[in-house]
Amino acid sequence: MTEPIYSWLYVQQGVDAVRAAMGRRMEADAGCSLLEHVALYQLHHNGGRLKMLELAELLDVSPSGVTRLIERLVKRGWVTREQPPDNRRLVYAVLTEEGEEACLGTTARVYRASLAEEFTGLLNDRDLADLRRIGRKLLEGHGRWDVKRFAPSEE
């Protein structure tokens, strides 16, 4: 194998390993999936309300996948769906007060702890800075850089 292939495989498989470990921790300690927490986070950091298609794009899941995800969050009472009466094709996911509490409380606490253990605890400051730079460069190169993906303080 050539060097670029190793670089790609190490990054891809490294991210997959971190995501799997964080997902297990979220399920065990917060009672929700990693994707459910990330959806709450995106809603919280984008004013508590997003179009379903916009949320699907931010989470990099299909429209049907985001529909199933939001259905689970609706059942928990963390999100509601809203449709404007004049446009029934448009659907918004809206963070509830309970969802906000979950996002800022239990799920955020477990997410930060698992992130520290499974990701940042394995890297030094230079590694983290390099990953931010490289990640942004990849997002920009693929037209995917969008401040909405991150907390306002990330910009």
Side-chain angles (χ1 to χ4, degrees), residues 8 11-120 123 128-155:
W8 165 245
V11 168
Q12 178 206 19
Q13 291 177 22
V15 168
D16 289 348
V18 171
R19 184 180 296 134
M22 289 181 68
R24 287 189 297 272
R25 179 97 177 256
M26 291 298 296
E27 291 280 352
D29 296 350
C32 73
S33 72
L34 180 58
L35 187 59
E36 289 170 341
H37 168 74
V38 174
L40 294 175
Y41 172 89
Q42 286 296 343
L43 287 167
H44 169 75
H45 285 289
N46 287 288
R49 184 175 193 250
L50 285 168
K51 295 175 188 172
M52 293 283 280
L53 287 175
E54 189 174 27
L55 184 59
E57 184 178 304
L58 289 170
L59 299 175
D60 200 23
V61 298
S62 68
S64 62
V66 84
T67 297
R68 289 188 301 273
L69 170 66
I70 293 304
E71 182 59 34
R72 291 193 307 268
L73 295 174
V74 166
K75 286 180 182 177
R76 291 176 183 262
W78 291 351
V79 171
T80 60
R81 280 193 208 88
E82 290 182 3
Q83 287 183 295
D86 59 334
N87 186 352
R88 303 297 288 166
R89 291 179 300 183
L90 186 60
V91 180
Y92 289 92
V94 181
L95 192 61
T96 65
E97 189 175 319
E98 294 84 7
E100 181 86 6
E101 289 172 8
C103 179
L104 298 177
T106 304
T107 70
R109 187 172 51 257
V110 173
Y111 179 84
R112 284 190 300 271
S114 66
L115 184 68
E117 184 176 324
E118 308 298 343
F119 180 67
T120 58
L123 304 169
L128 293 170
D130 286 345
L131 286 172
R132 279 191 303 275
R133 178 184 55 76
I134 293 166
R136 182 166 180 162
K137 190 174 193 175
L138 289 170
L139 287 167
E140 288 173 343
H142 289 277
R144 301 283 304 265
W145 175 254
D146 184 348
V147 175
K148 282 189 169 188
R149 292 181 185 279
F150 307 98
S153 62
E154 294 286 321
E155 183 49 272

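Residue numbers start at 1 and run along the sequence shown. Quick caveat: nothing in here was measured; it's all calculated off a predicted structure.
The line from CG of Leu53 to CG of Leu58 is 11.0 Å long, rounded to the nearest 0.5 Å. Going from atom OG1 of Thr120 over to atom CG of Leu131 covers 11.0 Å, rounded to the nearest 0.5 Å. Within the model, atoms CE of Met22 and CG of Leu115 stand 4.5 Å from one another, a figure rounded to the nearest 0.5 Å. Atom NZ of residue Lys51 and atom CD of residue Glu57 lie 11.0 Å apart, to the nearest 0.5 angstrom. Atoms CZ and CG, on Arg109 and Asp29 in that order, are 10.0 Å from each other to the nearest 0.5 Å. The distance from atom CZ of Arg49 to atom OH of Tyr92, rounded to the nearest 0.5 Å, is 5.0 Å.
The minimum heavy-atom distance linking Val66 with Met52 is given by the pair CG1-O, 3.7 Å. Residues Ala93 and Leu43 come closest through the heavy atom pair O-CD2, 3.4 Å. When all heavy atoms of Ser62 and Ala56 are compared, the closest pair comes out as O-CB, 4.1 Å. Scanning both residues, Ala39 and Leu73, for their nearest heavy atoms gives CB-CD1, 4.0 Å. Annotation for Ser33 and Arg72: closest pair OG-NH2, 4.4 Å, computed over non-hydrogen atoms. Shortest non-hydrogen contact noted between Trp78 and Leu95 is O-CD1, 3.6 Å.
Proximity of a side-chain donor or acceptor of Thr96 to a complementary backbone N or O of Gly77 within less than 3.5 Å is detected.
Residues Glu117 and Arg25 form a side-chain contact, since some pair of their non-hydrogen atoms from C-beta on lies under 4.5 Å apart. Between Glu71 and Arg81 the shortest side-chain heavy-atom distance falls below 4.5 Å. Between Thr67 and Val91 the shortest side-chain heavy-atom distance does not fall below 4.5 Å.
Look at Glu36 and Arg76 and you find a salt bridge, because one of the NZ, NE, NH1 or NH2 atoms lies within 4.0 Å of a carboxylate O, short of that distance.
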